[in-house]
Chemist: 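One structure coming up, written as structure tokens, with questions to follow.
In this text, all values refer to a predicted model and were calculated from it rather than measured experimentally. Lettering of chains follows the sequences in order, A, B, ..., and the numbering in each one begins at 1.
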Number of protein chains: 2
Amino acid sequence: MSVSENQELKQVLREHELKATNQRIALLKLLDATREHFDAEEIYLELLKKQKNVSRATVYRSLEALVEQDLVTRLDFGDGRMRFERSKGDDEHHDHLICEECGKVIEFFNLEMEAQQLATCEEHDFTPSVHTMHIFGTCSDCKKNK
Amino acid sequence: MSVSENQELKQVLREHELKATNQRIALLKLLDATREHFDAEEIYLELLKKQKNVSRATVYRSLEALVEQDLVTRLDFGDGRMRFERSKGDDEHHDHLICEECGKVIEFFNLEMEAQQLATCEEHDFTPSVHTMHIFGTCSDCKKNK
DNA sequence: AATCTAAATGAGACTTATTTGCACTTGTGT
DNA sequence: ACACAAGTGCAAATAAGTCTCATTTAGATT
Ligand SMILES: [Mn+2]
Ligand SMILES: [Mn+2]
Ligand SMILES: [Zn+2]
Ligand SMILES: [Zn+2]
């Protein structure tokens, strides 16, 4: 099944005019397999751990290409490094609650909020491309441990 | 009137347990006088232009202290540097539309959106402290010039 | 299957925003 | 005016991310 997963990922890359290199396949497979929000360094270390040969430069360059093709989404939690997650379909768009105590990330989707975003853009004759809706605070678990 | 403005700012700083140094007064006065979203380097250069003697290190350290005291708000538009604006009262909270073409920033406030944020937090038993709602896209002007 | 070539990679130098160590200065309480 | 902790300036140090260039490789072509 890993064999056919690789084939699928190769296909995906080619459909987006990207050469299906081992590095890109491994990176995409890594992001496919997790709900974490990794930064570039974490991705690099994970790939090394999995015996994939890859360099930091390639991680950065691949992420750039994958984000460009909207196969990967870049997230900015405001702590000085970019994070990445596998793009889900439009139907799976979500925003984030980020716990300032433990770093946990909770994903949510609120249709009304999205509607208000569009309404606001229209009011200002502004054409949106992407948005960032990050709510920082304290998660349920961290409140208990106080 | 600039004299009394200085006195007011000194007072504000002291109320927040910060020594009222010339550098901090000048920085706060600069942010008070604009609706721009400056980054640290821009602030540094503006202060130099105004003949204020100040170093980059002090700009960074002052901003940190002022943000800590919630006198200044730190904004991250995802372009690799932090931006800052004078904190407004809760009543003047706003979010941002950011034009990817020309960099223009449009401020907006949407009560329903804020309400949905609180609702979402409650659903997840999450206590919010701050949020970022940034919508990137193309502004009205930039659409015309196409 | 061998050959070709543009695109991709690896290693490390480089850039840029921000932080830090340390000697010196200044705001503020007495 | 004095004392001293807090703040500052300068330069060196970090750290995320980018770039250069020699080498490799995916995928198209014989
Ligand atoms: Mn997510
Ligand atoms: Mn603003
Ligand atoms: Zn938590
Ligand atoms: Zn614009």
Chemist: Relative to the ring of H124(B), is the ring of F108(A) parallel (under 30°), tilted (30 to 60°) or perpendicular (over 60°)?
Modeler: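 Tilted: the ring planes of F108(A) and H124(B) meet at 30° to 60°.
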
Chemist: Write down the distance between NZ (K10(B)) and C1' (dG7(D)), rounded to a whole number of angstrom.
Modeler: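 In whole Å, dG7(D) C1' and K10(B) NZ are 15 Å from each other.
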
Chemist: Measure the distance from NZ on K52(B) to C1' on dG9(D) and round it to the nearest whole Å.
Modeler: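 In whole Å, dG9(D) C1' lies 18 Å from K52(B) NZ.
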
Chemist: Is it the case that the side chain of H134(B) and the backbone of D76(B) share a donor-acceptor pair, with hydrogens and angles ignored and the cut-off at 3.5 Å?
Modeler: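 At least one qualifying donor-acceptor pair exists.
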
Chemist: Could you check how far CD of E64(B) sits from P of dT8(D), rounded to whole Å?
Modeler: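 My rounded result for the distance is 12 Å.
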
Chemist: Categorize N53(B) for me: base, sugar-phosphate, or nothing, with a 4.0 angstrom heavy-atom threshold over every strand shown.
Modeler: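 Here N53(B) touches the backbone only, sparing every base.
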
Chemist: Specify the separation, in whole Å, of atom CZ of R83(A) and atom P of dA16(D).
Modeler: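 So the CZ-P distance, R83(A) to dA16(D), works out to 11 Å.
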
Chemist: Could you tell me the separation between the CD atom of E17(B) and the P atom of dA5(D), rounded to a whole number of Å?
Modeler: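 So the CD-P distance, E17(B) to dA5(D), works out to 17 Å.
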
Chemist: Tell me: CZ of R81(B) to P of dT18(D), nearest whole Å?
Modeler: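 Checked: the CZ to P distance equals 14 Å.
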
Chemist: Apply ring pair (Phe, Tyr, Trp, His ring centres under 6.0 Å) to the pair H96(B) and H131(A), showing each step before the final yes or no.
Modeler: CA-CA 10 Å; H96(B) 299 95; H131(A) 69 258; over 10 Å; no

Chemist: Quick one: is dT25(D) close enough that its OP1 or OP2 comes under 4.0 Å of any side-chain N or O from Q23(A)?
Modeler: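 No, because none of the side-chain N or O atoms of Q23(A) sits under 4.0 Å from OP1 or OP2 of dT25(D).
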
Chemist: Send over the distance from N22(B) CG to dG9(D) P, rounded to a whole Å.
Modeler: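 These atoms are roughly 10 Å apart.
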
Chemist: Does a side chain donor of either E68(B) or H16(B) reach within less than 3.5 Å of an acceptor in the other side chain?
Modeler: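 Result is no, nothing qualifies.
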
Chemist: With a 4.0 angstrom cut-off to heavy atoms of chain B, pull out the first and last contacting nucleotide of DNA chain C, in 5'-to-3' order.
Modeler: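 Using the under 4.0 Å cut-off, the span is dA17(C) to dT28(C).
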
Chemist: Would you sort out whether Q7(B) and Q11(B) count as a side-chain hydrogen bond (donor to acceptor under 3.5 Å, both in side chains), showing the intermediate values?
Modeler: CA-CA 6 Å; Q7(B) 283 312 122; Q11(B) 200 45 42; over 6 Å; no

Chemist: Give a yes/no on whether any side-chain N or O of R14(A) is located under 4.0 angstrom from OP1 or OP2 of dG27(D).
Modeler: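 Affirmative; the distance criterion is met.
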
Chemist: What residue among L31(A), I98(A), V105(A), T73(A) forms side-chain contact (heavy atoms from CB on, under 4.5 Å) with H37(A)?
Modeler: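 The side-chain contact (heavy atoms from CB on, under 4.5 Å) with H37(A) is passed solely by V105(A) among L31(A), I98(A), V105(A), T73(A).
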
Chemist: Using a cut-off of strictly less than 4.0 Å, decide whether Y60(A) has a side-chain nitrogen or oxygen near OP1 or OP2 of dG17(D).
Modeler: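 Y60(A) to dG17(D) OP1/OP2: side-chain N or O found under 4.0 Å.
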
Chemist: Does dT25(D) have OP1 or OP2 sitting under 4.0 Å from an N or O in the side chain of T21(A)?
Modeler: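 Answer is no, no contact under 4.0 Å.
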
Chemist: Which nucleotide sits closest to the side chain of A20(A): dG27(D), dC10(D), dG17(D)?
Modeler: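 Among the listed nucleotides, the one closest to the side chain of A20(A) is dG27(D).
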
Chemist: Please classify the nucleic acid contact of E41(B) as base, sugar-phosphate, or nothing, using heavy-atom distances under 4.0 Å.
Modeler: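 Contact class for E41(B): none.
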
Chemist: Taking atom P of dC10(D) as reference, at what distance in whole Å does atom CG of L48(B) sit?
Modeler: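 Checked: the CG to P distance equals 10 Å.
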
Chemist: Side chains of H93(B) and E107(B): do they bring a donor and an acceptor to under 3.5 Å?
Modeler: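 H93(B) vs E107(B): no donor-acceptor pair found between side chains.
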
Chemist: Would you mind telling me which residue lines up with the more 5' stretch of DNA chain D, K19(B) or A57(B), judged by nearest nucleotide?
Modeler: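 It is K19(B), whose closest nucleotide lies nearer the 5' terminus.
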
Chemist: Heavy atoms under 4.0 Å, any strand shown: does R24(A) hit a base, just sugar-phosphate, or nothing?
Modeler: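 It contacts sugar-phosphate atoms only.
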
